[in-house]
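Letters go in sequence order (proteins before strands), and every chain restarts at 1.
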Number of protein chains: 2
Amino acid sequence: MLLGIKAFAKLTTVPTGAILMPAEPLPLNRTSVEAAHKDIAPYIHRTPVLTSSAINVIASTPQSAEALLGTPWYGQSPAKPSFQLFFKCENFQKAGAFKTRGALFALSRLSDDELQNGVVTHSSGAARFELSFGYLTPVTGNHGQSLAYAAGMRNVPAYIVMPTISTPSKAAAALGYGANIVFSGSTTPERHAAAKEVIEKTGARYIPSSDHPDIILGQGTMALELEEQVKDLDANLDAAGLGRGRGLLDAVISPLGGGGMLAGIATALCGTGTRVFGSEPSFQGADDGRRGLAQGKRITSVATLTIAEGLRTPVGEVNWSVISDKSKVEGVYSVGEEEIKKAMKLLLERLKVFVEPSACVPMAVVLFDEDFRKECVRLNITRLGIVLSGGNTTVEAISKLFGTSQ
Amino acid sequence: MLLGIKAFAKLTTVPTGAILMPAEPLPLNRTSVEAAHKDIAPYIHRTPVLTSSAINVIASTPQSAEALLGTPWYGQSPAKPSFQLFFKCENFQKAGAFKTRGALFALSRLSDDELQNGVVTHSSGAARFELSFGYLTPVTGNHGQSLAYAAGMRNVPAYIVMPTISTPSKAAAALGYGANIVFSGSTTPERHAAAKEVIEKTGARYIPSSDHPDIILGQGTMALELEEQVKDLDANLDAAGLGRGRGLLDAVISPLGGGGMLAGIATALCGTGTRVFGSEPSFQGADDGRRGLAQGKRITSVATLTIAEGLRTPVGEVNWSVISDKSKVEGVYSVGEEEIKKAMKLLLERLKVFVEPSACVPMAVVLFDEDFRKECVRLNITRLGIVLSGGNTTVEAISKLFGTSQ
């Protein structure tokens with residue numbers, strides 16, 4: 001039951017012959033994000049916004065000369081920002097990451113008829129699961145898990161294509177949310193072929209993990225919640241006579257991988273006065289967004305093994321149209337692997353949240369990137385929202401990352 | 001400036017000559033807990049309540065015969081409970097644990113005059129800090145950290161007595177919240193002597209970590225929030241047509257160490273129809289609460305090195321008067337070290353919260369104690385609140401606990 005490609009034929013990660021999303025995308029503006037939020041709100045967690053006085057103090061302390069040794073800023077006078085940070089905890093989202101928002105909204109735009117044969121996707125990053133309690137814990141591959149959850153809400157089957165090597169096959173049947181696991185080779189053509197086979201056999205509809213207006217709008221819904229939650233926090237403090245806030249956020253910084261989340265946040269906040277920043281790992285060229293902005297052209301291919309596994313992909317084409325719009329995204333900054341690890345340790349131990357490395361990249365920029373810190377001083381950015389994008393990692397992965405001897 | 005003991009002369013951990021709390025304690029009832037909440041609410045985090053469908057499924061799955069091998073329940077038909085769990089996340093509380101509630105309320109009961117010379121305390125468990133970002137991260141010793149925060153809110157000095165061996169002395173001055181660290185030997189008499197010396201020198205007032213009506217009432221405030229938050233969660237689902245709740249909790253289970261928290265929750269919930277349970281580690285006799293209830297007499301001394309460091313202390317005298325009242329606490333259950341570790345892994349990886357081992361004991365009881373699970377079936381307990389008491393641990397401690405090879 002092949003219906004042919006309906007829209008977005010240019011998506012580079014779509015298997016040939018895929019059945020896609022509705023042909024008429026919604027406009028990329030705040031009104032559409034509000035509509036998306038209304039649709040998906042009952043099925044997602046309104047994830048909490050956490051604050052930490054200790055982390056505010058640490059982030060507002062100028063870096064020492066010693067800390068800047070070996071960086072481009074060595075010898076310069078360090079920035080003296082004053083931060084009041086608000087953490088939007090999407091690690092507590094259904095299926096453990098923000099991607100559930102986009103997957104739910106993408107499916108809400110399709111009729112029961114259109115969904116009757118189920119949905120299929122593959123992750124461009126390797127999906128990896130580990131066995132725990134007889135259930136599989138997703139380590140990466142958030143989109144697959146999120147799509148399985150969203151399909152479950154619509155009572156339709158989900159087919160998740162993932163590399164054979166990365167999953168304990170004997171346990172595959174136990175995958176939470178009842179998805180069907182389809183194994184493929186680990187290369188992109190192999191994954192495409194496996195997804196295409198599923199589509200041809202089942203008539204399932206292909207749902208991309210990123211780079212589609214519906215996905216962008218879905219991810220952007222977190223920004224609407226963050227705005228409201230910061231106002232509520234301020235109102236509570238005001239009522240107690242302890243208020244120091246103005247109810248508004250000066251800026252938000254999010255991770256940037258494929259770009260759906262950053263594009264969504266920027267779409268939601270455009271025109272509100274809240275600036276939007278992106279953050280990437282710099283390891284092995286993973287900072288394709290930052291480099292693309294510098295050269296005025298999207299970078300379409302990246303090969304990196306950064307520990308921020310969710311951010312290994314290049315920015316998608318639709319996402320790029322938003323992210324490269326200076327009126328929407330103020331700038332993108334990048335940090336090294338050690339900075340990400342340090343930020344992760346701080347978030348684990350001080351904010352007490354279990355987060356994956358990708359989620360720690362914005363915090364690393366806030367702590368260590370002098371260009372960003374100076375820009376915050378220049379633009380008078382104090383009240384800053386930080387998106388903790390997901391928590392899909394394991395105790396073993398964290399032990400390995402930090403070693404036992406440290 | 002020694003004023004002599006004003007009240008609670010029987011407190012076993014009070015240094016001789018200590019300046020204590022107000023002579024007239026508030027009655028131990030829900031009205032007092034409500035008054036306490038009104039006093040401290042502006043200074044604490046209203047910590048979020050999290051839920052997880054995945055954990056509900058896991059906790060509601062009967063244990064396999066294999067899993068019961070070597071337990072007293074081997075060969076028995078496993079319980080088939082049906083849980084909808086609500087996690088009250090006190091790991092996100094100011095200073096990383098619930099103890100901030102009690103410390104704040106204890107200080108709010110004292111006038112500026114009474115507090116003019118500051119406050120002092122020592123932990124009966126070893127306080128241990130690790131250096132991170134130039135700041136000390138508390139690993140145990142929650143009360144000391146919480147008292148330092150509370151003292152900071154009142155602009156008075158805090159003196160925290162802790163064993164020399166457990167703190168990197170070169171970093172002690174960096175302790176967050178500006179407390180004064182006073183080193184002592186590691187035995188109880190040595191800690192008492194050090195606290196007494198502080199009192200004699202400074203006139204500081206001794207604030208116990210537990211076993212005082214004001215502390216009990218302060219800790220109990222979390223139960224009032226939990227009740228309201230569960231109602232709010234249900235109301236949101238009802239509005240979306242997805243409601244399955246009745247707005248009420250059938251029961252709450254909390255860790256039991258010194259007993260201030262369990263006594264506080266039981267005081268807050270008495271008469272509401274919500275049952276209250278306690279949970280302890282069983283390792284090396286740490287289940288003194290459970291054993292005391294069985295023999296009808298408080299056990300006053302415990303020597304255990306359970307990984308649940310916060311629960312190594314025996315139940316205090318005032319706390320015992322509440323906990324041993326069957327109309328207030330329904331029962332106390334205990335679990336082994338391996339069960340605590342398994343629960344911890346589940347909470348880290350699935351709920352995505354960074355919690356200390358002590359905080360994982362109630363989850364371990366829910367997952368593994370067949371007596372508790374059968375009691376829940378018998379009493380028709382489905383909607384269960386679980387208190388995650390604190391998150392003061394480190395990445396290194398977790399790596400050590402789980403090893404890198406697992």
Side-chain angles (χ1 to χ4, degrees), chain A residues 41-43 45-54 57-58 61 64 89 91-96 130 132-135 137 149 176-177 236-237 239-242 342 344-356 367 390-396 398-406, chain B residues 41-43 45-54 57-58 61 64 89 91-96 130 132-135 137 149 176-177 236-237 239-242 342 344-356 367 390-396 398-406:
Chain A
Y43 306 99
H45 287 308
R46 187 179 175 89
T47 55
V49 170
L50 296 179
T51 62
S52 161
S53 329
V57 168
I58 291 170
T61 303
S64 66
C89 296
N91 59 315
F92 301 134
Q93 192 47 270
K94 291 271 185 192
E130 288 179 16
S132 157
F133 276 85
Y135 291 80
T137 296
Y149 168 74
Y177 307 120
N236 287 343
L237 287 177
L242 295 169
K342 282 182 192 164
M344 187 167 179
K345 190 168 155 62
L346 185 72
L347 289 168
L348 291 165
E349 295 182 349
R350 285 306 184 110
L351 202 62
K352 322 290 185 188
V353 289
F354 197 73
V355 280
E356 61 195 60
L367 290 170
N392 287 335
T393 185
T394 63
V395 167
E396 287 73 26
I398 287 179
S399 296
K400 203 178 285 179
L401 213 51
F402 290 94
T404 49
S405 62
Q406 285 195 11
Chain B
Y43 306 98
H45 288 307
R46 188 179 175 89
T47 56
V49 170
L50 296 179
T51 63
S52 161
S53 328
V57 168
I58 291 170
T61 303
S64 66
C89 296
N91 59 316
F92 301 135
Q93 191 48 268
K94 292 271 185 191
E130 290 181 14
S132 156
F133 276 84
Y135 290 81
T137 297
Y149 169 74
Y177 307 118
N236 288 343
L237 286 177
L242 295 170
K342 283 183 192 166
M344 187 168 180
K345 188 167 156 63
L346 185 73
L347 289 168
L348 292 164
E349 295 182 350
R350 285 305 183 109
L351 201 62
K352 321 293 184 188
V353 289
F354 197 73
V355 279
E356 61 195 59
L367 290 169
N392 287 336
T393 184
T394 63
V395 167
E396 287 73 26
I398 287 179
S399 296
K400 202 177 287 179
L401 213 49
F402 291 95
T404 48
S405 62
Q406 287 196 9

Got a second to check how far B:R350's CZ is from A:N392's CG, nearest 0.5 Å? 8.5 Å
Could you pull out the closest heavy-atom pair between B:T51 and A:H45, with the gap in Å? OG1-CE1, 3.1 Å
Exam field: side chain A:K352 to backbone B:N91, donor-acceptor pair closer than 3.5 Å: no
Under a 4.5 Å cutoff for heavy-atom pairs, which residue among A:I398, A:V395, A:V49 has the most contacts with chain B? A:V395
A:E396 and B:K345 ion-paired at < 4.0 Å: yes
Please name all residues satisfying ring-ring contact (aromatic ring centres under 6.0 Å, His included) with B:F354, sequence neighbours left out, ordered by chain then number. none
Counting heavy-atom pairs under 4.5 Å with chain A, which one of B:L348, B:V353, B:L347 comes out on top? B:L348
